[in-house]
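In what follows, a structure is listed as C-alpha cells, so that the remarks can point back to it.
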Amino acid sequence: MTSTLRHGGAPCSSEAESLGEYKAEVEKRPGRWLALCVLVLAVLLVAVDATVLGLATPYISEDLKPSGTQLLWIGDVYSFVIAGLLVSMGSLGDRIGRKKLLLMGATVFGAISVLNAYATTPEMMILARALLGVAGATLMPATLALIRNLFHDPRERSLAIGIWGATASAGTAVGPVVGGFLLEHFWWGSVFLINVPVMLILVPVGIKLLPESRNPNPGPWDLASVVLSLVGMIGIVYAVKEAATHGFTWEPMAVGVLGAGALYGFVRRQFAMPVPLLDMRLFRNRGFSAAVLADLLTVFGLSGLVFFLSQYLQLVQGRPPFQAGLAELPAAIGAVGAGLIAGSVARRYSVRAVVSGGLAAVGLALGVLTLLNQSTGYSVLGSALLIVGVGAGFSFTVTADVILSSVPKEQAGAASAVSETAYELGAALGIALLGSIVTGVYAGFTGPAGTPAGAHESLGGAVEAAATLPTHASEALLTAARTSFVDGLALASGIGAAVLLATAAAAWFLLRGQNLENAGEETPR
C-alpha cells in the first residue's frame with residue numbers, strides 16, 4: 001500500500017539551448033535497466049521494513065510491554081526523523097554523489113536493522129527506529145534522483161518510475177507474507193533481519209552497476225539549513241502528535257511554535273543563499289506543488305488504516321500472522337498493476353483524470369471500511385483493499401512522474417526529497433492524528449471488574465490481560481476491547497475517506513493542463 005513519488009524545474013533560455021538539452025535528454029544510457037534493478041532493491045529494503053513493523057506490533061507489544069503512547073512512537077518515530085532529514089539528505093546526494101549516498105545509506109540501514117531486531121526495551125526500540133530513519137532518509141531521494149538521471153526519455157522514465165513504485169508496492173506484499181511466516185516460526189526480531197540479505201546484495205552489485213551522478217555546481221552544504229529543517233519538521237510533527245494525544249497543553253504548543261519558527265527561518269535562508277539547499281522557486285510550479293500536496297494528503301488519509309490493519313486482522317479477527325500477511329495482498333497487487341500502466345493511461349487521458357480518479361477510488365474504498373465489524377467477511381475487506389491499491393498505484397506513480405519531470409536533472413535529489421518529505425510527513429501526521437483517534441476511542445471501553453489498567457493502553461495489552469482472567473471475564477474483556485478498537489478504526493477510515501475525496505477534488509483543479517511530456521514547461525517565476 002506504500003508507494004512514494006514526486007518533483008519540479010526550469011527550462012532553457014534560447015532555442016539553441018533547447019535543442020541541445022533535447023538531444024541530451026533523448027540520449028539513452030547503456031545498462032540503465034540493469035541499474036534500475038539495483039535501485040528497486042533499495043526501494044524494497046524500505047518498503048519491507050515499513051510493512052513488517054505493523055505485522056510485528058502485537059508481538060512487540062506483548063514482549064516489550066510499551067504504553068499506548070510508546071507504541072505510537074515506535075510506529076511513527078521513523079517517519080518523524082526521515083521527514084526531518086529527507087531534504088538535507090537529498091541535497092547532500094546532489095553534492096557528494098547520489099550513488100555514494102545510496103550505498104552508504106543501504107549499508108547503515110542493514111546494520112541498524114539488526115539493532116531493531118534485538119531491542120529489549122520500548123525506549124531502545126524507539127531509538128533504533130529513529131536511527132533507521134536517519135539511514136532511510138538517504139535511500140528514497142537517491143533512488144528517484146538516479147532514475148531522473150538514468151532515464152532522459154519521458155516515456156522510458158514513466159515506465160521506470162512505474163517499476164519503482166510497483167516494487168515499493170510489491171514490498172508491502174512481500175513484507176507481510178515473509179514477516180508472517182517468520183513470526184510463526186521465530187521471534188519478532190527476525191522480521192527486521194530480512195533487510196540484511198537485501199543489503200548484502202544491493203551494495204556490491206550497486207558498486208558495479210550504478211553510475212555516479214551529482215550536481216556539477218552544487219554550492220556548499222549549509223549546516224544551518226540542515227539544522228533548521230530538522231528542528232522545524234520534527235517540532236511541527238511532534239506538536240501535532242502530542243496535541244492530538246494529550247490536548248493543547250503548553251508543551252506541544254511551545255514545541256510547535258519553535259518548529260514553525262525554524263521552518264520560517266529555513267525558507268528565508270534558502271531565498272537569501274546564492275545556491276540554496278532547496279530551491280524554493282520549485283513551488284511556484286503549479287504541477288510540482290499540486291503533486292506534492294496530493295501525496296501528503298493521500299498518505300495522511302491512508303496511514304491510520306495501514307498502521308492498524310494488521311492488528312485488526314490478527315487481534316480482532318484472530319488470523320495467524322502469515323494469513324494476515326496474505327490478507328493484505330490485494331492492495332499491493334492492485335498498486336503494482338496500476339503503477340506499471342499509470343504513465344500510459346495518463347498520456348492517453350490526462351494527468352488530472354488519473355490522479356483525481358485514483359484518489360476518489362481510494363476515498364470510496366475507505367468509506368466502505370467504515371462498515372467494518374469483528375465479523376466482516378474477507379470478500380468486503382479484500383475488495384476494498386484491491387481498490388485502495390489500484391487507486392494509490394495510479395495516483396502515486398503519476399504524481400512522482402510529474403515531480404521528477406518538473407525539475408532539471410541537477411536538482412533531482414532535492415526535488416525527490418521534497419516529494420519523499422511530503423510522503424513521510426503525511427504518514428507521521430496520519431499515524432499521530434488518526435492513530436490517536438483510534439487509541440482514544442479504544443481506551444474508552446468498559447471492561448469487566450478486575451480489568452487491568454494496561455488493557456486500556458493497547459489491544460495487544462488487552463489480549464495479554466485477558467489470558468490472566470477467568471473465562472467469563474476474559475471473554476467480556478476481549479469483546480469490549482475488540483468492539484472499541486473496531487469503532488476507532490472505522491472512525492479513522494471515515495476521516496481518511498473524507499480527506500481523500502477532498503484531495504481528489506483539489507487535484508482535479510490544481511493539475512489542470514498538466515501532462516507528462518511538458519511538466520517542466522511551467523517555469524517558476
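Keep in mind the model is a prediction, meaning the values are calculated, not measured.
- When all heavy atoms are compared, the tightest approach of V351 to V398 is CG1-CG1, 3.8 Å.
- Residues meeting the side-chain contact (heavy atoms from CB on, under 4.5 Å) test with T138, sequence neighbours left out: M89, L101.
- With sequence neighbours left out, the side-chain contact (heavy atoms from CB on, under 4.5 Å) criterion links L258 to V231.
- Looking at heavy atoms from C-beta onward, R129 lies in side-chain contact with L132 at the 4.5 angstrom threshold.
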Open item on the list: Evaluate V368 against L381 for side-chain contact (heavy atoms from CB on, under 4.5 Å), listing each step before the verdict.
Closed with: CA-CA 9 Å; V368 170; L381 181 61; over 6 Å; no

Open item on the list: Apply side-chain contact (heavy atoms from CB on, under 4.5 Å) to residues L39 and L102 and explain how you reach the verdict.
Closed with: CA-CA 9 Å; L39 299 180; L102 175 69; 3.7 Å; yes

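- If you take CD1 on I161 and OG1 on T397, they are separated by 8.5 Å, rounding to the nearest 0.5 Å.
- Considering only heavy atoms from C-beta on, I163 comes within 4.5 Å of L159 through its side chain.
- The minimum heavy-atom distance linking G488 with V441 is given by the pair N-CG1, 3.6 Å.
- Closest non-hydrogen pair, P330 versus G382, comes out as CB-O, 3.6 Å.
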Between side-chain atoms of residues 360-367 and protein atoms elsewhere (two or more places apart, or another chain), which donor-acceptor pairs fall under 3.5 Å?
none

Acceptor/donor pairs from residues 491-511 side chains to any protein atom, 3.5 angstrom cut, sequence neighbours excluded:
| from | atom 1 | to | atom 2 | distance (Å) |
| --- | --- | --- | --- | --- |
| S493 | OG | L489 | O | 3.0 |
| T503 | OG1 | V499 | O | 2.7 |

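- Considering CD1 of I437 and CG of D487, their distance stands at 13.5 Å, rounded to 0.5 Å.
- Pairing each heavy atom of V355 with each of S395, the nearest pair is CG1-OG, 3.8 Å.
- One finds the OH atom of Y312 at 9.0 Å from the CG atom of L369 (value rounded to the nearest 0.5 Å).
- Residue G206 comes nearest to K99 through the heavy atom pair O-CE, 3.5 Å, listed as atom of the first residue, atom of the second, then distance.
- Atom CD of residue E156 and atom CG of residue L36 lie 10.5 Å apart, to the nearest 0.5 angstrom.
- Of all the heavy atoms in V299 and F396, the pair that sits closest is CG2-CZ, 3.5 Å.
- For the side-chain hydrogen bond (donor to acceptor under 3.5 Å, both in side chains) condition, no pair includes a residue of residues 350-369, sequence neighbours left out.
- For the atom pair OG of S229 and CD1 of I234, the computed distance is 9.0 Å after rounding to the nearest 0.5 Å.
- Residues L340 and V336 form a side-chain contact, since some pair of their non-hydrogen atoms from C-beta on lies under 4.5 Å apart.
- Note that CG of L385 is 6.0 Å distant from CG of L309, once rounded to the nearest 0.5 Å.
- The side chain to side chain donor-acceptor pair (under 3.5 Å) test applied to Y264 returns R268, not counting sequence neighbours.
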